[in-house]
Amino acid sequence: MSDHATFMAEAYRLAQKSFDEGGLPIGSVLVRAGEIIGAGHNQRVQQDNPIAHGEMDCLRNAGRQASYRDTTIYTSLSPCMMCSGTIVQFGIPRVVIGENRNFGGNEDFLRERGVEVVIMDDPACIDLMARCIAERPALWHEDIAED
């Protein structure tokens, strides 16, 4: 199994955890030198916190870092503008996305700012998010701020 597949499997596991808790299925891990230094999942519902997205939870759990320039962030779903902005702000050079079919985030925004974007098109990530959107449409629309 490739490194990308290994780390995305962990992001997916966290996405499934969030879904099982009644939240949105988005998981994320931050990796440095082949080791996970932070992991998290979307907890907007669980924490009643509108900015507790998967990537934000992951970065919070990673704690303060002197630099992010040697890290890669993995996320099961393409990052929203808030999370993309944080990736750019922290200077994370690479984001590996499990899927962007159910939600095409801000890949162009990231690329235009020098971030390498890898889209895995992972079937498990695609299926889990599609299931969430079908079963919990109001929650999904709340998350992406659509009426």
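In this text the structure is predicted, and so the values were computed from the model without any measurement. Only this structure's heavy atoms are used, side chains among them; waters, hydrogens and symmetry mates stay out.
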Check whether any side-chain heavy atom of [X] sits under 4.5 Å from a side-chain heavy atom of [Y], and report yes or no.
X    : Y    : answer
T71  : I37  : yes
T72  : V96  : yes
L139 : V45  : yes
M120 : E99  : no
L77  : N100 : no
M81  : N106 : yes

Examine distances only and state if a side-chain atom of [X] and a backbone atom of [Y] form a donor-acceptor pair shorter than 3.5 Å.
X    : Y    : value
N61  : G63  : no
R136 : G23  : yes
E10  : R13  : no
S18  : L24  : yes
R94  : E116 : no
D57  : H53  : no

- Message: Please determine whether ring pair (Phe, Tyr, Trp, His ring centres under 6.0 Å) holds for the pair H41 and F19, giving the CA-CA distance in whole Å, both sets of side-chain angles, and the decisive distance to 0.1 Å.
- Response: CA-CA 9 Å; H41 60 85; F19 185 76; over 10 Å; no
- What is the distance from atom CG of N42 to atom OG of S28, rounded to the nearest 0.5 Å?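 Rounded to the nearest 0.5 Å, the CG-OG separation comes to 10.5 Å.
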Please indicate whether [X] has more than 12 foreign heavy atoms, meaning atoms of other residues, nucleotides or ligands, lying under 6.0 Å from its [atom1].
X    : atom1 : value
R101 : CZ    : no
D20  : CG    : yes
E135 : CD    : yes

- Should E107 and R111 count as an ion pair when the cut-off is N to O under 4.0 Å?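 Not counted as a salt bridge, because no side-chain N and carboxylate O are separated by less than 4.0 Å.
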- Query: Will you find, in the side chains of N49 and Q43, an N or O donor that is under 3.5 Å from an N or O acceptor?
  - Reply: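 On atom types as modelled, these side chains do not qualify, holding no pair under 3.5 Å.
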- Message: What I want to check is whether the side chains of T75 and E55 have a donor and an acceptor closer together than 3.5 Å.
- Response: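 Per modelled atom types, T75 and E55 side chains form a pair under 3.5 Å.
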- Please check if L14 and F7 belong to a single hydrophobic cluster, counting links between Ile, Leu, Val, Met, Phe, Trp and Tyr side chain heavy atoms closer than 4.5 Å.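 As far as the 4.5 Å side-chain criterion goes, F7 and L14 are connected within one cluster.
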- Message: Hydrophobic cluster membership, with links at side-chain heavy-atom distances under 4.5 Å among I/L/V/M/F/W/Y: are I119 and I73 in one?
- Response: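 Linked within one cluster.
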- Where I87 and P79 come nearest, the two heavy atoms and their spacing: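 That closest heavy-atom pairing would be CD1-CG, 4.2 Å.
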- Task: Please report the shortest heavy-atom distance between S76 and C125, naming the atom on each side.
- Result: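 That closest heavy-atom pairing would be O-CB, 3.7 Å.
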- Angle class for the F90/Y68 ring planes (parallel below 30°, perpendicular above 60°, tilted otherwise)?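 Rings of F90 and Y68: parallel, under 30°.
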- Message: Suppose we screen for salt bridge (Lys or Arg N to Asp or Glu O under 4.0 Å). Which residues come up paired with R113, at least two apart in sequence or across chains?
- Response: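 Once residues adjacent in sequence are excluded, R113 has no partner under the salt bridge (Lys or Arg N to Asp or Glu O under 4.0 Å) criterion.
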